[in-house]
Amino acid sequence: MKTLSIICPQEAPVCMDALLDYINTWHCEIYVREAGQLEIKVDEQIVNSEQFILRKHFPWVKVDVLS
């Protein structure tokens, strides 16, 4: 498993709800580090595709692989 950090700007657009819906639907291990920063656990095999999906559909977030 890998951990992805998702950092949302304070002035996040209205589609923040869509991001949260996506995460809640497809990921069961969600951690809120602090306001505006989420962490999700994903299988190593899908790290690249998950980063692509998040960057493509939510270009205003910063996505980093932590471990």
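Values reported hereafter were calculated over all heavy atoms of this structure, with side chains retained and with hydrogens, waters and symmetry mates removed.
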Item to check | Linked, directly or transitively: Ile6 and Trp26 (ILVMFWY side chains, under 4.5 Å) | outcome: yes
Checklist entry - Linking I/L/V/M/F/W/Y whenever their side-chain heavy atoms sit closer than 4.5 Å, directly or via other members, would Tyr22 and Leu20 fall into one cluster? => result yes
Per-pair distances, 0.1 Å, donor-acceptor, side chain in residues 39-48, under 3.5 Å, sequence neighbours excluded:
{"from": "Glu39", "atom 1": "OE2", "to": "Arg33", "atom 2": "NE", "distance (Å)": "2.9"}
{"from": "Lys41", "atom 1": "NZ", "to": "Thr3", "atom 2": "OG1", "distance (Å)": "3.0"}

Next on the checklist: To the nearest 0.5 Å, what is the distance between CG on Leu54 and CD1 on Ile23?
Outcome noted: 6.5 Å
Item to check | Pairwise side-chain contact, Leu4 with Val65, heavy-atom cut-off 4.5 Å (strictly under) | outcome: yes
Next on the checklist: Test: salt bridge (Lys or Arg N to Asp or Glu O under 4.0 Å). Region: residues 45-67. Which pairs qualify, not counting sequence neighbours?
Outcome noted: Lys62-Asp64
